[in-house]
Amino acid sequence: ASLPPGPPGLPLIGNLRIIRAEAPHKTLGAMTSKYGKYHSSRSLGTHYVFLNSTKAAKDICEQRSAITSNRPHLVLSHELIGWGSATPFLPYGDMHRKHRKLFVRYLLANSNLVTFYPSEEAEARRFIFSVLMNPDDLVAHCYRSTEAFILKISHGYSVKDGNDPLVEMSKRAIRNISETMAPGRFLVDFSRFVLRYLPEWFPGGSLHEDVKRGQKLISEAVNGPYEFVLKNLAKGDAAPSLISQLLREGVIGEDKEILKWVSFGMYLAHQLQTPSMLSAFFLAMTMYPEVFKKAQAEVDTVVGNERLPTMEDRDGLPYVNAICTELLRWNVGIPLPAHVSTEDMIYEGYLIPKGSWLMPNVWYILSNPETYPFPETFDPERFLGENQQPDPQEVCFGLGRRRCLGARLAESMIFIYIAMSLATLDVSRYAEDGVEWVPRYDIDEGMLRRVKPFKCKIAPRSSKVEDLRTRFDST
Ligand code: HEM
């Protein structure tokens, strides 16, 4: 059988230029008209299959998940430094299954997240306070607040005001992961044999230093927080968390070591996605004031002015829920998640060889004007009334045996932060000397997409912040 169709490539480097483009999901998505709903490329010995429709993505990554759930192996980041032990990067197999099992066990032990709701609500209230105190740092608050929540449930750690040492260390770890996995570093992987056996004295051997630096970060950001929990458990005052709960339930032996990585993976995967989703919400509301007003009106009618929204209000707020769904469509964070096949397979008569990178083009699927007319417009009405457009959750949290483990947690956080913001804040366009700053959906494209810094004006809805303080205290 032949390989799926695709663009011709140059000798040796194949389709490198397309794959390493600044926003490959866009270039590759545009090829659908020529090559169909899936197409393939080759570069430097790797075969890629891009899946540009929900059907192709599900057929391959879900229905054949037993042989399509591996991850790319990156020598520098995953193997030499050691980041490959974190859940999102693990190869498919027993260890990966154990990680997911422990993660799910923790979620189920907490009634599928319901026990986290009060802490989520409390953290969202703290978020509003911080934003009101210092609205210019809105994006930093989005990161810091959601991070504080996740560290509480992963490690039972309470983030301190100012420069918290664990937060600073974790930030460095994430930066190191992003740098060592960045497309530019793939040349390292290309010359993997050279690197593995390169002596330390070799000129230009700064890679060895990179490796040492990364390994030191693992020891600080992965082992350190784990040992913090162990110490507190020994003293008898460990706060409830993934680690403490599962250790108390009798997780033993090798699984204890796994817990360390599961909790770090939870933190990592969350921090790479949820905060930027929240900052994209504020950008969307600045760009679409009519959506913001309509959502505020819904919250006012359903929740009233005497209290703040809670998770229990969720079913009564369809428009707010539609905003959350539209946010997941409009602001795709991982445009091309990568699965790898572990066996040859035939799909619709084409051969997909073992070791192929299978990449659902989530960005293209959720921006396809045939499915989502005027895709660049933020429009929650897509998900209301009759003839609703397909739910982005079919693909935006990934697929099959690698699907996001935190989808429900992320969704609930996004809802409560948004509902709380609508109830208490006014978001409007920033103006200087009477000139309004017109916001645009401007993105840093890459393996991870992030909203670029933007300006907006934030004010308390009540004229007196003190009123708000009383309302916070009464809930
Ligand atoms: C809006 C927020 C989020 C989005 C859009 C998102 C999206 C994704 C995507 C696309 C993947 C890759 C799936 C695949 O390869 O098929 C993923 C993996 C993962 N996510 Fe999330 N995520 C979010 C938040 C979270 C949170 C809050 C957590 C943890 C509490 C989390 C934990 C994970 C883990 C552990 C994986 C790795 C799964 C594996 O490889 O087996 N995510 N996420």
Side-chain angles (χ1 to χ4, degrees), residues 25 51 54 57-58 60-62 65 68-72 78 83-93 95-104 106-107 110 112-113 116 119-120 123 142-143 145-147 149-155 177 241-242 258 261-281 324-340 357-363 365-366 392-418 447-451:
H25 45 279
L51 308 165
T54 304
K58 287 194 165 193
I60 289 184
C61 295
E62 268 179 19
S65 61
T68 59
S69 297
N70 208 3
R71 287 285 196 222
H78 294 178
W83 293 122
S85 300
T87 321
F89 311 131
L90 272 178
Y92 183 61
M95 182 58 85
H96 176 250
R97 260 190 296 278
K98 281 185 181 168
H99 273 235
R100 288 187 73 102
K101 242 176 145 170
L102 285 174
F103 199 112
V104 171
Y106 181 55
L107 296 184
N110 287 285
N112 243 338
L113 307 183
F116 297 141
S119 336
E120 273 181 67
E123 203 52 64
C142 292
Y143 276 81
S145 168
T146 54
E147 180 167 53
F149 172 71
I150 213 77
L151 282 172
K152 199 163 275 167
I153 66 169
S154 60
H155 293 79
I177 292 171
S241 70
L242 183 145
I258 298 177
W261 279 103
V262 172
S263 50
F264 177 74
M266 182 178 198
Y267 167 82
L268 169 75
H270 154 81
Q271 203 56 13
L272 290 176
Q273 289 296 300
T274 324
S276 63
M277 204 56 88
L278 202 56
S279 59
F281 161 74
C324 299
T325 308
E326 175 65 339
L327 196 58
L328 292 170
R329 184 201 69 80
W330 188 71
N331 181 57
V332 169
I334 304 182
L336 285 165
H339 293 214
V340 171
W357 289 34
L358 311 164
M359 305 182 88
N361 193 336
V362 175
W363 175 85
I365 294 171
L366 297 180
Q393 289 209 31
E394 284 191 299
V395 288
C396 75
F397 287 113
L399 295 118
R401 299 185 192 185
R402 298 306 303 219
R403 187 177 146 84
C404 175
L405 280 162
R408 287 194 62 180
L409 186 63
E411 247 197 299
S412 63
M413 284 177 81
I414 291 170
F415 168 80
I416 198 64
Y417 275 71
I418 287 182
M447 279 195 315
L448 299 173
R449 300 174 78 242
R450 265 161 215 248
V451 167

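Computed from a prediction, not measured in an experiment: that's the story for all the values here. In listed order, ligands and their atoms are each counted from 1.
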Subject >> Leu399 neighbourhood, listing ligand 1 atoms whose heavy-atom distance to it stays under 4.0 Å >> reply: 16 (O)

Original post:
Is NZ or CZ of Arg97 both nearer than 6.0 Å to the six-membered ring centre of Tyr92 and within 45° of the ring axis?
Top reply: yes

Original post:
Within less than 4.0 angstrom of ligand 1, does His96 place any heavy atom?
Top reply: yes

**OP:** For His270 and Thr146, indicate whether the former's side chain and the latter's backbone hold a donor-acceptor pair under 3.5 Å.
**Re:** yes

**OP:** Please could you name the atoms of ligand 1 that Arg100 approaches to less than 4.0 Å, counting only its heavy atoms?
**Re:** 38 (C), 39 (C), 41 (O)

Original post:
Any heavy atom of Met413 sitting closer than 4.0 Å to ligand 1?
Top reply: no

Subject >> Whether Ile414 lies under 4.0 Å from ligand 1, heavy atom >> reply: yes

Original post:
Under 2.8 Å from atom 21 (Fe) of ligand 1, how many protein N, O or S atoms can be found?
Top reply: 1

Original post:
Can any side-chain N or O of Ser65 pair as donor or acceptor with the backbone N or O of Cys61 at less than 3.5 Å?
Top reply: no

**OP:** Return yes if some donor-acceptor pair links the side-chain N/O of Thr274 with the main-chain N/O of Gln271 below 3.5 Å, else return no.
**Re:** no

Subject >> Where ligand 1 meets Thr87 - atom numbers and elements under 4.0 angstrom, heavy-atom basis >> reply: 40 (O)

Original post:
Do Tyr417 and Phe149 make the cut of ring centroids closer than 6.0 angstrom?
Top reply: no

Subject >> Any side-chain heavy-atom pair of Leu328 and Phe397 under 4.5 Å >> reply: yes

Original post:
Quick one: does Cys396 get within less than 4.0 Å of ligand 1, heavy atoms only?
Top reply: yes

Original post:
Phe89 versus Arg71: any side-chain heavy-atom pair under 4.5 Å?
Top reply: no

Original post:
Which of the atoms of ligand 1 are close to Met266, meaning less than 4.0 Å from one of its heavy atoms?
Top reply: 29 (C), 30 (C)

Subject >> Trace of the side chain to side chain donor-acceptor pair (under 3.5 Å) decision for His99 with Thr87 >> reply: CA-CA 6 Å; His99 273 235; Thr87 321; 3.0 Å; yes

Original post:
What is the nearest protein non-hydrogen atom to atom 16 (O) of ligand 1, stated with its residue, atom name and distance?
Top reply: His339 NE2, 2.7 Å

**OP:** Would you sort out whether His96 and Arg402 count as a side-chain contact (heavy atoms from CB on, under 4.5 Å), showing the intermediate values?
**Re:** CA-CA 9 Å; His96 176 250; Arg402 298 306 303 219; 3.2 Å; yes

**OP:** Of the side chain and backbone of Leu409, name the one, both, or neither that has a heavy atom under 4.0 Å from an atom of ligand 1.
**Re:** side chain

Original post:
Would you call the rings of Trp83 and Trp261 parallel, tilted or perpendicular, where under 30° means parallel and over 60° means perpendicular?
Top reply: perpendicular

**OP:** Say whether Ser412 and Glu120, considering side chains only, have a donor N or O and an acceptor N or O under 3.5 Å apart.
**Re:** yes

Subject >> Heteroatom proximity flag, Arg403 to ligand 1, N/O under 3.5 Å >> reply: no

Subject >> Heavy atom of the protein closest to atom 15 (O) of ligand 1 (residue, atom name, distance) >> reply: Arg71 NH1, 2.8 Å

**OP:** Note the single closest protein heavy atom to atom 13 (C) of ligand 1, along with its residue, its atom name and the distance in Å.
**Re:** Arg402 O, 3.1 Å

Original post:
Taking Asn70 for the side chain and Pro91 for the main chain, is one N or O donor matched with an acceptor at less than 3.5 Å?
Top reply: no

